[in-house]
Number of protein chains: 2
Amino acid sequence: MARRSDHSREEIQHMAVAAAITILNEQGVTGLSARKVAKSIGYTVGTLYLVFKNLDELLLYVNAATLDELHQAITEEAKIHTDPTLSLKSMALAYLHYAQQNSARWSLLFSHQLPDGQLLPDWFEQKIITVFDGVMKPLQQIQPDVNEQAVLQATRELWSGVHGACDLGLSNKLNMGAEFEIEALIESFVENYLFGFAKV
Amino acid sequence: MARRSDHSREEIQHMAVAAAITILNEQGVTGLSARKVAKSIGYTVGTLYLVFKNLDELLLYVNAATLDELHQAITEEAKIHTDPTLSLKSMALAYLHYAQQNSARWSLLFSHQLPDGQLLPDWFEQKIITVFDGVMKPLQQIQPDVNEQAVLQATRELWSGVHGACDLGLSNKLNMGAEFEIEALIESFVENYLFGFAKV
DNA sequence: TGCATTAATGAACAGTGTTCACTATTCTTG
DNA sequence: CAAGAATAGTGAACACTGTTCATTAATGCA
């Protein structure tokens with residue numbers, strides 16, 4: 001059955017990543033398997049292993065696509081406002097909403113660890129940096145005179161908080177009564193943190 | 001082979017949880033399996049399912065033990081300082097160090113989701129509240145006049161941040177250069193957030 | 001036209017969680 | 001004390017998982 005369909009390695013890779021994303025959306029992380037991905041693109045498991053080293057590599061590409069979407073969702077929000085604080089608030093909410101609407105992909109992005117303690121490839125790390133860069137700009141506006149190293153760290157401090165709130169919030173580990181909601185918590189968090197950041 | 005060894009249901013449960021923790025420490029999350037747990041306590045898989053509804057229930061008890069240890073590690077630190085800010089800083093660092101030294105158990109605690117979207121049992125939620133309570137006390141000292149609802153939320157805002165920094169930091173998703181370290185980031189984060197919290 | 005190349009297959013392996021008919025031991029009753 | 005009821009414990013079986021690799025079959029080239 002060789003060369004039946006004219007799909008290059010790259011085409012099959014793209015098809016597999018797209019199929020995996022569909023399965024993740026429809027059946028969650030536990031619903032994903034190599035055989036399901038292969039079947040849904042009209043190939044068998046063996047072909048998947050001709051094109052990816054293993055499932056972890058496929059998931060890495062899925063996560064790369066998620067990271068791109070996440071970045072787009074956040075930075076689109078940033079453009080709307082000129083005030084950096086408002087910008088950061090709506091970026092944080094965009095992060096939350098993306099996580100809520102794509103919970104399986106979002107949690108895969110952060111729960112997936114490469115085996116052996118393998119490091120993430122450079123092109124993937126670069127994507128992470130790009131996301132942080134989007135958050136960094138408004139912070140630089142707030143504190144234009146502080147050195148870049150400090151803004152770089154503040155970016156990570158702020159975004160860790162937003163991330164943590166989404167993570168614990170979506171998995172019901174914040175023990176929030178119905179009385180207040182996660183959106184308000186995140187907004188208040190960003191406000192409080194930025195007040196401290198602007199103090200110097 | 002019935003009633004060979006005189007272990008009650010509760011004893012077998014405790015043995016299984018202890019065995020699971022050992023396996024987690026030695027072989028990580030992926031190294032854990034029902035058969036391994038059963039074997040290491042001298043029973044077969046079937047017995048495990050006589051005593052637990054399923055593996056998820058066993059993991060819930062493992063996570064409960066982790067949460068207890070985490071609570072102890074944090075609150076022990078709190079007692080050392082009288083200044084609430086110093087208290088919260090060293091609690092945050094204790095959280096980080098526990099996560100670093102028990103990475104498998106820590107990540108299981110937060111990655112494990114009950115199937116179907118089942119809710120966490122009340123006794124487990126109570127444990128989460130207890131951990132938050134420990135963080136809440138120093139916050140109340142900082143702002144004694146603010147209403148409890150607000151302190152409750154601030155507790156969750158602050159701790160989400162600490163949690164997020166540990167989560168992203170330990171999985172190398174903060175893209176920190178070697179130039180600065182996670183400890184310093186967490187300390188600075190707590191400082192900045194508390195400055196904002198104290199502003200009112 | 002025949003042959004070398006290689007895309008694609010799918011059976012096989014060792015593992016997973018979970019179930020349940022069955023066995024072997026103990027407790028209870030006559 | 002013997003017979004039977006109750007039940008602790010077993011482990012084979014099922015349907016799944018990721019991964020490998022000898023085999024098959026379609027293609028490009030000589």
Side-chain angles (χ1 to χ4, degrees), chain A residues 1-17 19-21 23-24 26-63 104 108 111-118, chain B residues 1-17 19-20 23-24 26-63 104 107-108 111-118:
Chain A
M1 333 268 183
R3 224 162 305 169
R4 249 186 349 191
S5 37
D6 282 85
H7 292 126
S8 67
R9 275 178 112 73
E10 283 75 24
E11 280 174 321
I12 295 179
Q13 280 184 348
H14 277 116
M15 288 160 67
V17 169
I21 288 172
I23 294 170
L24 280 168
E26 287 171 358
Q27 299 173 246
V29 182
T30 51
L32 189 72
S33 80
R35 283 173 182 80
K36 277 188 194 168
V37 171
K39 191 173 183 178
S40 93
I41 62 169
Y43 284 89
T44 57
V45 241
T47 303
L48 226 53
Y49 284 84
L50 238 62
V51 152
F52 294 106
K53 204 169 111 272
N54 49 37
L55 248 214
D56 282 307
E57 200 185 32
L58 168 53
L59 295 185
L60 191 72
Y61 287 110
V62 170
N63 283 343
L108 183 72
S111 67
H112 181 244
Q113 278 283 64
L114 291 175
D116 305 324
Q118 270 175 62
Chain B
M1 335 275 182
R3 225 162 302 169
R4 248 186 351 191
S5 38
D6 282 87
H7 292 127
S8 67
R9 275 177 112 74
E10 283 75 24
E11 280 174 319
I12 295 179
Q13 280 183 348
H14 278 114
M15 289 160 66
V17 169
I23 294 170
L24 280 168
E26 287 171 358
Q27 299 174 247
V29 182
T30 51
L32 189 72
S33 80
R35 283 173 182 80
K36 278 189 194 168
V37 171
K39 192 172 184 180
S40 92
I41 62 170
Y43 284 89
T44 58
V45 240
T47 303
L48 227 53
Y49 283 84
L50 236 63
V51 152
F52 295 106
K53 206 169 111 271
N54 50 36
L55 248 214
D56 282 306
E57 201 186 30
L58 167 54
L59 296 184
L60 192 72
Y61 287 110
V62 171
N63 283 342
S107 82
L108 182 73
S111 67
H112 181 244
Q113 279 282 66
L114 291 175
D116 305 324
Q118 269 176 64

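Please read all numbers here as calculations on a predicted model, not as lab measurements. Lettering of chains follows the sequences in order, A, B, ..., and the numbering in each one begins at 1.
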Looking across every strand, which nucleic acid part, if any, lies under 4.0 Å from B:Leu48 by heavy atom: base, sugar-phosphate, or nothing? nothing
Nearest-angstrom distance from the residue atom NZ of B:Lys53 to C1' of C:dG17: 13 Å
Whole-Å distance, B:Ile23 CD1 to C:dT16 C1', equals 14 Å
By a strict heavy-atom criterion of less than 4.0 Å, which residues belonging to residues 27-38 of chain B are in contact with DNA chain D? B:Arg35
Angle between the end axes of the helix from C:dT1-D:dA30 to C:dT28-D:dA3, five pairs per end, to the nearest 10 degrees? 30°
Taking CG from B:Leu50 and P from C:dT18, how many angstroms apart are they, rounded to a whole number? 14 Å
Verify, without hydrogens or angle tests, whether A:Glu57 (side chain) and A:Lys53 (backbone) share a donor-acceptor contact under 3.5 angstrom. yes
Residue whose closest nucleotide on DNA chain D lies nearer the 5' end, B:Arg9 versus A:Leu55: B:Arg9
Within a strict 4.5 Å, meaning less than it, do heavy atoms of the B:Thr44 and B:Thr47 side chains meet? yes
Starting from C1' on D:dA8, measure out to CD1 on B:Ile41 and report it in whole angstrom. 13 Å
Between D:dT24 (P) and A:Tyr43 (OH): distance, integer Å: 21 Å
Considering only heavy side-chain atoms of B:Thr44, the closest of D:dG11, C:dT18, D:dT19 is D:dG11
Taking the side chain as every heavy atom from C-beta outward, state whether A:Glu26 and A:Leu24 have any pair of such atoms under 4.5 Å apart. no
Side-chain N or O of B:Tyr49 closer than 4.0 Å to phosphate OP1/OP2 of C:dT18: yes
When rounded to whole Å, the CG to C1' distance for the pair B:Leu58 and C:dT18 reads 14 Å
Interatomic distance where NE2 belongs to A:His7 and C1' belongs to D:dT27 [whole Å]: 17 Å
What is the distance from atom CD of B:Glu11 to atom CZ of B:Arg9, rounded to the nearest 0.5 Å? 13.0 Å
By side chain to side chain contact (heavy atoms under 4.5 Å, CB included), which residues pair with B:His14, not counting sequence neighbours? none
Pairs of donor and acceptor atoms involving the side chains of residues 28-39 of chain A, under 3.5 Å and at least two apart or interchain, shall be tabulated with distances.
{"unit_1": "A:Ser33", "atom_1": "OG", "unit_2": "A:Lys36", "atom_2": "N", "d": "3.2"}
{"unit_1": "A:Lys36", "atom_1": "NZ", "unit_2": "A:Gly31", "atom_2": "O", "d": "2.7"}

To the nearest angstrom, how far is B:Asp56 atom CG from C:dT16 atom C1'? 13 Å
Can you check whether B:Gln118's main-chain N or O pairs, donor with acceptor, with B:Asp116's side chain at less than 3.5 Å? no
Sorted by chain and number, sequence neighbours left out, side chain to side chain contact (heavy atoms under 4.5 Å, CB included) with A:Glu10 holds for A:Ser8
Sequence-distant partners of A:Tyr61, ring-ring contact (aromatic ring centres under 6.0 Å, His included), two or more places apart: A:Phe52, A:Trp123
